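Inspection log for the structure reproduced underneath, given as structure tokens.
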Amino acid sequence: LSYAQAAILLCIGLQSRTVDDIQDCMDLPANQTLALFNKAIRRMHGLMRAAQETAVERTLPKVEDVDLAPHAKDVDEDLEEAAQEVREHIQASLAPEKLEGE
């Protein structure tokens, strides 16, 4: 912050002065006083926001690299294997010896 910005913040915050009082005290136009005040507030907001983001980043889990290796089986092979298991299960449940027991 510049000395002018610090002085404006002190006058507004601690001394509860109005912009007109600061204008008379510092020999600055009102629009320049408000512009310096706006710059100071924006800068402080940016610093506080950066500090808060850093604190939140520390609490988040670390990002791990994911190894995306191809599968040993092709999708078609995997589907065909699952279909064969289902066929065997259906044939086993429809076997004549199981039907006679019911």
Side-chain angles (χ1 to χ4, degrees):
L1 293 175
S2 69
Y3 291 116
Q5 289 173 334
I8 291 169
L9 287 175
L10 288 174
C11 287
I12 291 176
L14 296 176
Q15 297 176 355
S16 300
R17 291 189 180 186
T18 64
V19 175
D20 294 329
D21 294 337
I22 297 170
Q23 178 183 355
D24 296 337
C25 175
M26 296 180 69
D27 293 327
L28 291 173
N31 60 352
Q32 188 175 2
T33 304
L34 288 174
L36 288 171
F37 177 71
N38 189 12
K39 272 184 169 179
I41 293 297
R42 285 180 184 268
R43 186 168 188 189
M44 288 188 345
H45 177 264
L47 291 172
M48 286 186 222
R49 183 180 180 112
Q52 184 180 21
E53 287 175 358
T54 303
V56 169
E57 282 179 8
R58 285 189 211 134
T59 61
L60 295 175
K62 300 292 180 199
V63 176
E64 296 178 9
D65 291 334
V66 178
D67 184 26
L68 298 176
H71 293 284
K73 291 184 184 179
D74 189 17
V75 174
D76 292 331
E77 292 173 3
D78 195 24
L79 285 173
E80 191 60 42
E81 183 180 313
Q84 183 63 32
E85 289 176 11
V86 170
R87 282 188 210 113
E88 290 172 2
H89 178 71
I90 291 173
Q91 286 177 354
S93 65
L94 295 177
E97 43 290 336
K98 282 200 171 190
L99 290 176
E100 290 175 3
E102 294 179 5

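None of these values were measured; they are calculated from a predicted model.
With hydrogens and angles disregarded, a donor-acceptor distance shorter than 3.5 Å links the side chain of Gln5 to the backbone of Ser2.
To the nearest 0.5 Å, atoms CD (Glu88) and OG (Ser93) are separated by 12.0 Å. The CD atom of Glu80 sits 11.5 Å away from atom CG of Asp74, with the distance rounded to the nearest 0.5 Å. With rounding to the nearest 0.5 Å, the separation of CG in Leu94 from NE2 in His89 is 9.0 Å. Remark: Leu36 CG to Asn31 CG distance equals 10.0 Å, nearest 0.5 Å. From Asp65, atom CG reaches atom CG of Asp67 across 9.5 Å, with rounding to the nearest 0.5 Å. Expressed to the nearest 0.5 Å, how far CG of Asn38 lies from CZ of Arg43 amounts to 14.0 Å.
Between Glu81 and Lys73, the closest side-chain pair of non-hydrogen atoms falls below 4.5 Å.
At a threshold of 4.5 Å between side-chain heavy atoms, the hydrophobic network of Ile, Leu, Val, Met, Phe, Trp and Tyr places Leu47 and Phe37 in two separate groups. The hydrophobic cluster containing Leu28 also contains Leu9, counting ILVMFWY residues as joined when their side-chain heavy atoms lie under 4.5 angstrom apart, directly or transitively. By the rule that hydrophobic residues join a cluster once side-chain heavy atoms approach within less than 4.5 Å of another member, Leu10 and Met26 end up as members of separate clusters. No chain of hydrophobic side-chain contacts below 4.5 Å, direct or via other Ile, Leu, Val, Met, Phe, Trp or Tyr residues, connects Ile22 to Leu34. Cluster membership check: Met48 shares its hydrophobic cluster with Ile12, using side-chain heavy-atom separations under 4.5 Å among Ile, Leu, Val, Met, Phe, Trp and Tyr.
At most 12 non-hydrogen atoms from other residues, nucleotides or ligands lie less than 6.0 angstrom from CD of Gln52.
Remark: the Gln84 side chain and the Arg87 side chain contain an N/O donor-acceptor pair separated by less than 3.5 Å.
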